[in-house]
Amino acid sequence: MADVSELVKAMKKAARDERESSKPVNVFFGAVQSVNPLKISVEQKMLLGEAQLVLTRNVTDYHLAVTVDCLTESALGTHSHSVSGTDGDGDAVNLTTGESNLVHKHSVSGKKNITVHNSLAVGEKVILIRQQEGQKYVVIDRIGGKL
């Protein structure tokens with residue numbers, strides 16, 4: 001009788017595995033619980049840690065090369081200096097420089113490297129897909145609204 005019971009269990013497992021293999025993608029929704037270490041709560045059923053998560057560029061800080069050609073905003077304006085006090089003989093000194101117009105702009109052009117600050121924050125909602133037959137979850141992107 002034990003052999004029949006084991007055979008039934010094996011057949012049920014094979015059927016379940018077959019059903020799962022016909023579903024190429026499993027989509028889940030989660031919420032970031034902590035960022036260091038990264039932990040994401042998935043549909044209030046499980047808590048995934050860093051070892052189980054694969055992060056896309058959509059949810060990480062990354063460096064990017066961009067080409068720019070622009071002028072900065074005007075900086076400064078008119079400027080002068082005043083000095084008051086006494087000289088070595090005790091006589092009063094009051095000096096004021098003439099005003100100078102220091103308004104200027106800078107040209108920024110060429111290929112520049114920037115950092116995109118895009119890492120996850122506590123409380124953000126995310127969409128994940130589970131690796132088929134695996135324990136890894138790919139964090140695709142953030143989502144808005146409530147889960």
Side-chain angles (χ1 to χ4, degrees), residues 1-85 93-147:
M1 191 70 152
D3 290 339
V4 172
S5 176
E6 292 300 319
L7 178 62
V8 169
K9 284 182 187 178
M11 290 175 66
K12 285 182 180 180
K13 182 181 181 326
R16 185 174 49 248
D17 291 348
E18 178 60 31
R19 278 193 310 272
E20 286 298 314
S21 70
S22 68
K23 299 178 194 174
V25 175
N26 291 309
V27 177
F28 296 90
F29 298 95
V32 177
Q33 298 300 308
S34 72
V35 293
N36 193 11
L38 182 59
K39 292 185 180 180
I40 296 177
S41 171
V42 177
E43 298 178 356
Q44 301 176 351
K45 296 177 185 175
M46 63 183 140
L47 188 62
L48 302 174
E50 289 180 343
Q52 298 164 286
L53 299 169
V54 177
L55 305 177
T56 63
R57 192 168 75 167
N58 289 339
V59 295
T60 60
D61 291 349
Y62 61 95
H63 302 288
L64 184 65
V66 296
T67 300
V68 295
D69 187 13
C70 63
L71 289 175
T72 63
E73 297 292 322
S74 293
L76 299 173
T78 56
H79 189 75
S80 65
H81 288 275
S82 295
V83 177
S84 59
V93 175
N94 289 312
L95 301 171
T96 301
T97 63
E99 287 192 352
S100 295
N101 186 354
L102 302 175
V103 174
H104 66 282
K105 295 181 179 187
H106 294 274
S107 174
V108 180
S109 62
K111 188 174 180 180
K112 306 294 180 193
N113 293 316
I114 64 170
T115 299
V116 178
H117 299 281
N118 208 28
S119 61
L120 293 169
V122 172
E124 287 189 302
K125 310 297 187 238
V126 294
I127 186 168
L128 309 98
I129 57 173
R130 187 180 73 187
Q131 177 185 5
Q132 187 175 358
E133 299 180 23
Q135 294 300 316
K136 295 277 188 181
Y137 292 76
V138 180
V139 184
I140 300 298
D141 208 346
R142 295 167 173 79
I143 55 173
K146 296 181 180 181
L147 298 179

Measure the spacing between [atom1] of [X] and [atom2] of [Y] and express it to the nearest 0.5 Å.
X    : Y    : atom1 : atom2 : value
I129 : T56  : CD1   : OG1   : 9.5 Å
H117 : Y62  : NE2   : OH    : 11.0 Å
D69  : K112 : CG    : NZ    : 10.5 Å
I127 : D141 : CD1   : CG    : 8.5 Å

Over all heavy atoms of both residues, which pair between [X] and [Y] is shortest? Give the atoms and the distance, please.
X   : Y    : value
V59 : R142 : CA-NH1, 3.9 Å
L48 : Q52  : CA-OE1, 3.4 Å
V35 : L120 : CG1-O, 3.2 Å
L38 : E50  : N-OE2, 3.0 Å

Does [X] reach the main-chain N or O of [Y] with its side chain, forming a donor-acceptor pair under 3.5 Å?
X    : Y    : answer
R130 : V138 : no
K136 : A51  : yes
D61  : S119 : yes
E43  : F29  : yes
S107 : L71  : no
T67  : K111 : no
Q131 : Y137 : no

Is any side-chain heavy atom of I40 less than 4.5 Å from a side-chain heavy atom of V126?
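Yes, side chains in contact.
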pair V108-T72: side-chain heavy atoms closer than 4.5 Å:
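Yes, close enough: below the 4.5 Å cut-off.
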List in chain and number order the residues that pass salt bridge (Lys or Arg N to Asp or Glu O under 4.0 Å) with R57, two or more places apart in sequence or in another chain; answer none if no residue qualifies.
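R57 satisfies salt bridge (Lys or Arg N to Asp or Glu O under 4.0 Å) with no residue once adjacent residues are dropped.
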Under the side-chain hydrogen bond (donor to acceptor under 3.5 Å, both in side chains) rule, collect the residues that match up with T115, sequence neighbours excluded.
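T115 satisfies side-chain hydrogen bond (donor to acceptor under 3.5 Å, both in side chains) with H63 once adjacent residues are dropped.
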L128: which of L53, I140, N26 passes side-chain contact (heavy atoms from CB on, under 4.5 Å)
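Of all the options given, the one that passes is L53.
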